2 protein chains.
Amino acid sequence: MTTEPASSLADFIGGVSLRQLLYLRMAAHQPSFTAAAAALGITQPALSQALLEVERRAGVPLFEANGRHRRLTEDGRELLAFAERVLAEAAALRDRLDARARGEAGTLRVGMIDAASLYVLPDIIREYREQHPAVDLQLHVDATAALLTQLRTFELDLVFAIGPPENGIEGIEVLREPLHVYAPPGRDDPHAPPLHAEWALYESGSHTRAIIDVGLGRLGIAPLVTLQSGNPEVLRQMVALGLGWSVLPPAVAEGAPVLASRRGALVAQRSLFAMRRAGAAPHPRADEFLRLALAAA
Amino acid sequence: MTTEPASSLADFIGGVSLRQLLYLRMAAHQPSFTAAAAALGITQPALSQALLEVERRAGVPLFEANGRHRRLTEDGRELLAFAERVLAEAAALRDRLDARARGEAGTLRVGMIDAASLYVLPDIIREYREQHPAVDLQLHVDATAALLTQLRTFELDLVFAIGPPENGIEGIEVLREPLHVYAPPGRDDPHAPPLHAEWALYESGSHTRAIIDVGLGRLGIAPLVTLQSGNPEVLRQMVALGLGWSVLPPAVAEGAPVLASRRGALVAQRSLFAMRRAGAAPHPRADEFLRLALAAA
DNA sequence: AACACTATCCATAAGTATAATATATGATTT
DNA sequence: AAATCATATATTATACTTATGGATAGTGTT
């Protein structure tokens with residue numbers, strides 16, 4: 001009967017559980033504690049004690065005697081309203097988490113290199129958007145190195161970039177692209193670039209450029225690079241306009257038919273990997289997106 | 001690492017406490033679990049375990065490794081948002097309950113008999129309203145029996161009515177009123193009502209009427225009642241118009257000076273009690289109202 | 001009507017199971 | 001070497017059950 005005046009916020013928060021709020025709601029909605037306890041699947045003393053504990057935490061009586069029943073006080077109704085709100089929030093949260101676990105809601109941030117965005121993934125993006133309209137799909141196009149940095153700093157969930165995956169990143173190969181020499185229109189044989197040839201290549205420092213440099217070296221070519229661009233469309237145009245030679249994946253170079261007949265030697269292969277942080281938390285939406293990508297490849 | 005799929009709503013609600021939500025919020029706002037634990041005044045393992053327990057209940061990972069720190073997953077941010085909302089609700093509830101405990105907010109339902117409302121309590125009502133403008137003060141005027149019924153059925157918090165208090169009701173005397181015979185204007189001696197006098201009295205069945213009947217009997221009078229009313233103003237008017245005799249408290253009868261000189265014998269005394277349910281939960285607002293009433297008396 | 005009789009409801013007590021926390025320690029990362 | 005988080009174990013606190021008592025309301029009997 002003597003309720004300790006433990007009415008500090010910390011005491012209240014520290015001691016009250018969602019279960020107790022559930023008990024309170026049931027006790028308020030059922031005709032008696034006994035009926036409420038039965039509906040909750042616990043014994044009547046357990047319910048009585050739990051409610052007394054809530055009273056103690058709240059610092060005010062929540063029930064008062066009414067014959068052999070007990071009824072809510074005005075303070076009790078105040079606390080009941082709180083309980084209803086919190087329990088409704090909890091149910092909504094549970095729904096959200098479940099929807100997210102099913103991949104039906106939430107955010108999916110995918111990073112991809114421009115070649116992927118242009119030639120490989122558009123259909124998959126469209127398909128994913130159709131199948132999961134409630135997912136907030138955010139796409140970022142950048143170079144491999146930048147994408148991997150963003151992946152590491154939790155700014156992206158899934159990255160399609162040139163592999164193989166480095167330390168702390170795990171991935172699966174989605175596509176393997178050959179990289180061929182392409183000659184500018186004219187007399188020269190695409191398979192025999194002259195020594196004085198000028199080259200338009202991917203930017204120095206990029207993953208693809210590193211692969212290309214190694215491959216060209218194996219072919220005995222030390223390219224004279226007069227133009228660098230991270231944009232493969234730019235490189236293709238340079239070649240098509242006769243301004244130099246390049247090394248490109250056919251998917252890029254032959255998108256317009258101009259360069260199809262100008263393909264030269266196979267310089268190297270680059271692999272497009274789908275990558276995530278090693279040991280990252282499960283991500284149903286990323287999993288689904290990747291599933292679509294692998295199914296298409 | 002292997003989180004059991006305990007992702008049912010009942011499991012979530014059953015296991016999560018407000019304290020864990022507090023822990024989650026602190027862990028999200030502090031740079032490390034260690035710092036958060038220190039800020040919470042608990043040890044780091046206690047915090048780690050509590051958060052792991054929440055993860056288990058939620059069925060999804062809330063944190064993921066980031067170097068030697070851990071950071072929230074998207075699901076974790078979802079749960080954090082829930083925690084913020086609930087904790088804000090809890091703080092607001094605490095404020096409301098505290099304000100109510102101080103008598104500064106809430107509802108106060110006071111019942112009173114009309115005599116009290118007319119002659120005794122108006123100043124107190126005005127004073128209370130001035131001092132506690134945030135309290136929703138609801139006044140009900142009715143006969144004693146009806147008021148006590150409403151008190152018993154929790155429709156009123158405090159009642160000013162004719163005592164003494166019955167079983168299940170406890171009260172304190174606020175005012176003792178004499179009940180005098182009042183004679184109609186004319187030749188008759190107010191102290192000697194004739195046998196054939198016609199009387200206008202409180203309604204049969206009312207507390208005051210019962211007291212009056214007993215008192216008149218002691219004076220050897222068996223009144224011939226030609227008019228009954230629960231409204232003492234009506235009775236006063238009847239007497240003033242010469243239609244009969246009555247028994248009234250001077251506060252009623254002499255409100256207008258008409259009947260002052262027509263006062264006869266003291267029939268009885270009735271006591272105005274402030275009454276509450278016996279064993280009712282503390283009610284700071286009722287207490288304050290009663291304090292004002294007693295101070296004025 | 002008054003009385004006991006019975007059923008219902010809630011509180012309390014005591015014992016037991018579960019959960020929360022602290023201390024000590026290990027693994028990993030910077 | 002320092003910092004961070006996880007794990008193991010012991011201890012304490014909390015939650016629950018069973019058993020029981022007190023109060024109230026309904027029911028039948030004298």
Side-chain angles (χ1 to χ4, degrees), chain A residues 1-4 6 11 13-24 26-28 30-57 61-73 76 152 167-168 277-279 281, chain B residues 1-4 6 11 13-24 26-28 30-57 61-72 76 152-153 167-168 277-279 281:
Chain A
M1 211 43 62
T2 48
T3 53
E4 280 293 315
D11 268 18
I13 287 179
V16 175
S17 66
L18 296 193
R19 172 174 20 196
Q20 286 170 320
L21 299 182
L22 192 66
Y23 287 3
L24 173 64
M26 189 63 84
Q30 294 287 125
S32 72
F33 284 11
T34 305
L40 288 165
I42 60 174
T43 59
Q44 169 267 316
L47 180 60
S48 279
Q49 294 203 86
L51 295 176
L52 284 174
E53 175 65 16
V54 176
E55 280 197 346
R56 207 181 63 71
R57 296 288 180 182
L62 304 180
F63 291 88
E64 58 187 323
N66 177 26
R68 62 184 171 186
H69 289 249
R70 298 185 64 80
R71 61 179 295 147
L72 276 176
T73 62
R152 279 188 220 278
N167 205 359
R277 286 182 299 282
Chain B
M1 211 40 66
T2 48
T3 54
E4 279 292 316
D11 269 18
I13 287 179
V16 174
S17 66
L18 295 193
R19 171 174 20 194
Q20 286 170 319
L21 299 182
L22 191 67
Y23 288 3
L24 173 63
M26 189 62 83
Q30 293 287 125
S32 72
F33 284 13
T34 306
L40 289 166
I42 60 174
T43 59
Q44 169 267 316
L47 179 60
S48 278
Q49 296 222 61
L51 295 176
L52 284 173
E53 175 64 15
V54 177
E55 281 198 345
R56 209 180 62 72
R57 296 288 181 182
L62 304 179
F63 291 88
E64 58 188 322
N66 178 25
R68 64 182 171 188
H69 290 249
R70 300 185 62 82
R71 61 178 295 146
L72 277 175
R152 280 188 219 277
T153 57
N167 205 0
R277 285 183 299 283

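Here the structure is a predicted model, which is why all the values come from computation and not from measurement. Chain letters run A, B, ... following the sequence lines, proteins first, then strands; residues in each count from 1.
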Of D:dA6, D:dC16, C:dA20, the nucleotide closest to the side chain of B:Arg70 is D:dA6
note: B:His69, atom NE2; D:dC5, atom P; distance rounded to Å ~ 6 Å
In whole angstroms, the gap separating P of D:dA15 from CG of A:Leu18 amounts to 13 Å
Separation of D:dT14 atom P from A:Leu52 atom CG, nearest Å, is 15 Å
> Between the side-chain atoms of A:Glu53 and the base atoms of D:dA15, is any donor-acceptor pair under 3.5 Å?
Replying inline: no
When rounded to whole Å, the CZ to C1' distance for the pair A:Arg57 and D:dA15 reads 13 Å
- Query: With sugar-phosphate meaning primed atoms plus P, OP1 and OP2, does A:Tyr23 contact a base, only sugar-phosphate, or nothing at under 4.0 Å between heavy atoms?
  - Reply: sugar-phosphate
| query | Between C:dT21 and B:Thr43, is there an OP1 or OP2 to side-chain N/O distance shorter than 4.0 Å? | reply | no
- Message: Is the phosphate of C:dT18 approached by A:Arg19 (side-chain N or O, under 4.0 Å from OP1 or OP2)?
- Response: no
To the nearest angstrom, the CG-C1' distance between A:Asn66 and D:dT24 comes to 11 Å
message = Looking at B:Gln49 and C:dA20, is any side-chain donor or acceptor paired with a base atom of the opposite kind under 3.5 Å?
response = no
DNA chain C nearest-nucleotide lookup for A:Thr34 and B:Gln44: closer to the 5′ end is A:Thr34
Separation of C:dA11 atom C1' from A:Ile42 atom CD1, nearest Å, is 15 Å
A:Leu40 CG to D:dT17 P, in whole Å, measures 11 Å
Looking only at D:dC5, D:dT17, D:dA8, the nucleotide nearest the A:Ala46 side chain is D:dT17
On DNA chain D, more 5' by nearest nucleotide between A:Ala50 and B:Ala35 is B:Ala35
Value for CD (A:Gln20) from CG (A:Leu52), rounded to nearest 0.5 Å, stands at 11.0 Å
task = Look only at the side chain of A:Arg57 and the backbone of A:Val16, and say whether a donor-acceptor pair between them is shorter than 3.5 Å.
result = no
Correct closest heavy-atom pair for A:Leu40 and A:Met26 would be CG-CG, 3.7 Å
Does D:dC5 have its OP1 or OP2 closer than 4.0 Å to a side-chain nitrogen or oxygen of B:Ser48? no
Smallest heavy-atom separation, B:Phe63 atom then B:Glu55 atom, equals N-OE2, 3.0 Å
Per atom distances to the B:Gln20 side chain, the nearest of C:dC9, D:dT18, C:dA20 is C:dA20
Assign each of B:Ser32 and A:Ser17 the nucleotide of DNA chain D bearing its closest heavy atom; nearer the 5' end lies the nucleotide of B:Ser32
Whole-Å distance, A:Leu51 CG to C:dT12 P, equals 13 Å
Here the pair of heavy atoms bringing A:Leu51 nearest to A:Leu24 is CD2-CA, 3.8 Å
